[in-house]
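Lettering follows sequence order; numbering is per chain, from 1.
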Amino acid sequence: MEDLNEVMKVRRAKLDKLAEMNVNPFAYRFERTHHAREVIARHTELENQVLRLAGRIMAVRRMGKAAFAHIMDSSDRIQIYVRLDQVGEAAYELFKLFDIGDIIGVEGTVFVTHSGEVSLLAAKVELLSKNLRPLPVVKEKIENGKAVTYDAFADTELRYRQRYVDLIVNRPVREVFIKRSQIISAMRRYLDSRGYLEVETPVLQPLYGGAAARPFTTHHNTLDLTLYLRIADELYLKRLIVGGYEGVYEISKDFRNEGIDRTHNPEFTMMELYVAYEDYHFMMNLVEEMITTLAQQINGSTKTIYQGQEIDFAAPWPRITFYDALKKYTGHDLRGKTTAELLHIGKTLHCEVEEGMNSGKILDEIMKEKVEPHFMQPTFLCDYPVELSPLAKKHRSEEGLVERFECFVAGREIANAFSELNDPIDQRKRFEAQAAMADAGDEEAHQLDEDFLRALEYGMPPTTGLGMGIDRLTMLFTDAASIRDVIFFPTMRPE
RNA sequence: GAAGGUGUAGCUCAGCUGGUAGAGCAGCGGACUUUUAAUCCGUUGGUCGUGGGUUCGAUUCCCGCCACCUUCACCA
């Protein structure tokens, strides 16, 4: 038997009183005619009509034979006015048993109070669901049209573990997740309107590929088979391009068995897009246009404030090559340098480079520490060293590079794209180089995928592919400091 | 995995150099039929994250553990 605190004991006692009054504390349904927002917006034309609203009691002010309360539905809060002489003795006795947190139904007529608040004068009140656990009480005051919050429910751990409470009580949190949903549906609209096909590929994979990361491992009993939760969708989506679809995308969870911090959650949402007969220049233009469109649709402007910094998504975004960026921010031209030279330069720059790292890793390290943080405004970083990109196509004119770009905003990567490697001979060599790295102890090296190579041997058209982190994009659009603020139920240690 | 920070009532927080705890809101009782952070009077509620240690005595000092946050590492 769980320990009940004082408030919870009182609530349980109210259940007994309700039983005596023959009231079911958990009703079956309530027919509604309106939502709160609609009533507030259209109150003049709704006058004299009988309205039926339902919602959760968020505040009560009792005054003997009358009371005001605020109820909240999915649209908004609205004040209700309950008077003994309107609802009658029995209903008023019932109303006295109502608590903050109860879900109730109200029938009544709209009116405006002396202080100008659109309210509902109750003729009937009904209990729909009794609250047995006290809600954090968050007081709101309207000042200059804005809702000022007092004693907000702020404990991050409780907010993440009991997101349902966070959502009930913290209005801005509800809005963040509405925006997240709007971002995803706007992205779907954008991609659908261009004729790309939304598809689904396996989450459980016998080999993991398409990115450099450690996987989650699981087991299928009947097949007695080790399976991995996907770290990327890439290799399956390319198989579909081989199959003849010319534009496919997937929006889904990927899983990476890595650390957790403010920009990483073990499961996260990725959008991957593959377009046949196009190259990475096409994809850069698409990303630029898609994000600008999204910003307009979601935030009504190409400009947004992220953590105090103004960010403007308006095209065109600067495009800078990998080596030019390194030169610009470190002063060193790192093209054509040997591994030893790179190691030396990395050390003089105080980067965390060490003996045994290959040139790609060293370059990557210098890039992460010295360059990427500078990319506040949307920026394309293009033409990566081949060592870092085993699935990207060789650059058409630059030796040692691949046609790849990453897109940075607020110093963070939000997208990664290539002209996809479609030469099966070259792809096999790249996999073999990865296998050598795996043998050298690199846990995140790509696995050799024979079936994928077989697919490429049948012929994949020239194709460009994109991966975009939906969580991070949502963070930008909602000014969220942590990825946990845009994921309903972030990964936590069990209580 | 490492370092730093935090953990006190349902919620938001006080609590000094050690003497076993307070406030506001919520709850409960009372007054109040246009209040809105309602107001006024009264009042309940705590194994002070957890387990040890030091001490006559620990919320307070020390150590271990747990959870969360931040930074770092791995990664996107």
Side-chain angles (χ1 to χ4, degrees), chain A residues 3-11 13-14 58-70 77-87 92 99-101 111-117 119 121 131-143 147-162 165-166 169-170 210-215 231-232 254-270 352 364-365 368-369 372 406-408 412-416 442-444 467-473 475 481-484 490 492-495:
Chain A
D3 275 346
L4 298 185
N5 69 39
E6 212 54 36
V7 181
M8 289 175 72
K9 282 180 190 158
V10 171
R11 301 269 162 112
K14 285 181 183 176
M58 299 304 289
V60 194
R61 294 174 291 282
R62 297 179 191 277
M63 295 168 301
K65 297 188 180 64
F68 288 91
H70 274 92
R77 288 180 183 219
I78 189 167
Q79 181 168 259
I80 62 168
Y81 184 29
V82 183
R83 294 169 55 124
L84 171 60
D85 61 9
Q86 295 283 320
V87 299
Y92 203 77
D99 292 294
I100 289 176
F111 75 106
V112 179
T113 64
H114 290 166
S115 51
E117 179 164 356
S119 307
L121 176 61
N131 169 296
L132 296 179
R133 195 174 278 270
L135 222 47
V137 177
V138 176
K139 299 248 176 182
E140 264 187 21
K141 183 184 182 178
I142 308 297
E143 249 171 28
V148 183
T149 299
Y150 295 83
D151 293 341
F153 178 51
D155 185 303
T156 44
E157 184 175 355
L158 283 181
R159 289 207 302 117
Y160 297 151
R161 288 194 194 281
Q162 300 182 40
V165 178
D166 193 25
V169 144
N170 291 328
R214 281 138 68 200
I231 59 173
D254 285 347
F255 306 85
R256 297 190 186 173
N257 208 336
E258 310 281 1
I260 297 176
D261 64 29
R262 64 200 312 211
T263 56
H264 298 86
N265 195 65
E267 58 178 289
F268 62 103
T269 302
M270 182 82 108
E352 300 205 6
D364 195 34
E365 192 60 43
K368 276 184 182 157
E369 288 185 51
E372 290 177 8
E406 289 193 342
C407 172
F408 290 86
R412 266 176 220 150
E413 182 200 333
I414 61 157
N416 179 22
D442 187 344
E443 281 186 86
E444 285 150 9
M468 181 172 277
I470 300 298
D471 311 278
R472 289 183 179 183
L473 189 65
M475 288 169 69
S482 168
I483 198 167
R484 292 173 213 109
M492 306 275 281
R493 279 210 163 80
E495 286 178 75

Classify [X] by what it touches in the nucleic acid, base, sugar-phosphate, or nothing, heavy-atom distance under 4.0 Å.
X        : answer
A:Leu158 : sugar-phosphate
A:Arg412 : nothing
A:Ala67  : nothing
A:Gly259 : base
A:Asn416 : nothing
A:Ala59  : nothing
A:Met270 : nothing
A:Tyr160 : sugar-phosphate
A:Ala211 : nothing
A:Glu495 : nothing
A:Tyr81  : base
A:Asn170 : nothing

Quantified in whole Å, what is the [atom1] atom distance between nucleotide [N] and nucleotide [M]?
N      : M      : atom1 : value
B:rC69 : B:rC25 : C1'   : 25 Å
B:rC56 : B:rA73 : P     : 48 Å
B:rU60 : B:rG19 : C1'   : 11 Å
B:rU8  : B:rU50 : P     : 10 Å
B:rG7  : B:rU44 : P     : 27 Å
B:rG29 : B:rC66 : C1'   : 41 Å

Rounded to the nearest angstrom, tell me the gap between atom [atom1] in [X] and atom [atom2] in [N].
X        : N      : atom1 : atom2 : result
A:Phe408 : B:rA76 : CZ    : C1'   : 10 Å
A:Asn5   : B:rA26 : CG    : P     : 16 Å
A:Glu6   : B:rG27 : CD    : P     : 14 Å
A:Arg133 : B:rG10 : CZ    : P     : 11 Å
A:Asp166 : B:rC68 : CG    : P     : 16 Å
A:Asp155 : B:rU8  : CG    : C1'   : 13 Å
A:Ile231 : B:rC74 : CD1   : P     : 17 Å
A:Glu372 : B:rA76 : CD    : C1'   : 10 Å

* Just by distance, do the side chain of A:Tyr92 and the backbone of A:Ala66 share a donor-acceptor pair under 3.5 Å? -> yes
inquiry  = Closer than 3.5 angstrom, by distance alone: can the side chain of A:Asp471 be matched with the main-chain N or O of A:Thr269 as a donor-acceptor pair?
reply    = yes
For [N], does either OP1 or OP2 sit under 4.0 Å from a side-chain N or O belonging to [X]?
X        : N      : answer
A:Lys65  : B:rU35 : no
A:Arg484 : B:rC69 : yes
A:Arg472 : B:rA76 : no
A:Arg161 : B:rC68 : yes
A:Lys139 : B:rC11 : no
A:Arg61  : B:rU35 : no
A:Arg11  : B:rG27 : no

Among [options], which nucleotide has an atom closest to any side-chain atom of [X]?
X        : options                : value
A:Met63  : B:rU33, B:rC25, B:rC69 : B:rU33
A:Phe111 : B:rU34, B:rC69, B:rA76 : B:rU34
A:Lys141 : B:rA76, B:rA37, B:rG27 : B:rA37
A:Val10  : B:rC74, B:rG27, B:rC68 : B:rG27
A:Thr113 : B:rC28, B:rC68, B:rU34 : B:rU34
A:Arg83  : B:rU33, B:rA67, B:rG10 : B:rU33
A:Val7   : B:rC68, B:rC74, B:rG27 : B:rG27
A:Arg262 : B:rC74, B:rC11, B:rU71 : B:rU71
A:Pro136 : B:rC11, B:rA76, B:rU34 : B:rC11
A:Ser482 : B:rU70, B:rU33, B:rU35 : B:rU70

Identify the nucleotide, in any strand shown, that forms a Watson-Crick or G-U wobble pair with [N], with both distances under 3.5 Å; if there is none, say none.
N      : result
B:rU17 : none
B:rG4  : B:rC69
B:rA76 : none
B:rG27 : B:rU43
B:rC61 : B:rG53
B:rC48 : none

Would you say [X] and [Y] make side-chain contact, with heavy atoms under 4.5 Å?
X        : Y        : value
A:Arg11  : A:Asn131 : yes
A:Pro490 : A:Ile483 : no
A:Arg256 : A:Phe268 : yes

When rounded to the nearest 0.5 Å, the distance separating CD of A:Glu495 from CG of A:Leu158 is 8.0 Å
Please evaluate residues A:Arg484 and A:Asn265 with respect to the criterion side-chain hydrogen bond (donor to acceptor under 3.5 Å, both in side chains), reporting the C-alpha separation (whole Å), side-chain torsions for both, the decisive distance (0.1 Å), and the verdict. CA-CA 8 Å; A:Arg484 292 173 213 109; A:Asn265 195 65; 5.7 Å; no
Residues passing the salt bridge (Lys or Arg N to Asp or Glu O under 4.0 Å) test with A:Arg214, sequence neighbours excluded, are A:Glu258, A:Glu443
Taken in chain and number order and not counting sequence neighbours, the residues that satisfy salt bridge (Lys or Arg N to Asp or Glu O under 4.0 Å) with A:Glu369 are none
query: Going through the checks in order, is the side-chain contact (heavy atoms from CB on, under 4.5 Å) test met by A:Arg133 and A:Met8?
result: CA-CA 6 Å; A:Arg133 195 174 278 270; A:Met8 289 175 72; 3.8 Å; yes
Counting distance alone, no hydrogens or angles: does the base of B:rU35 have a donor or acceptor under 3.5 Å from a partner atom on the side chain of A:Gln79? yes
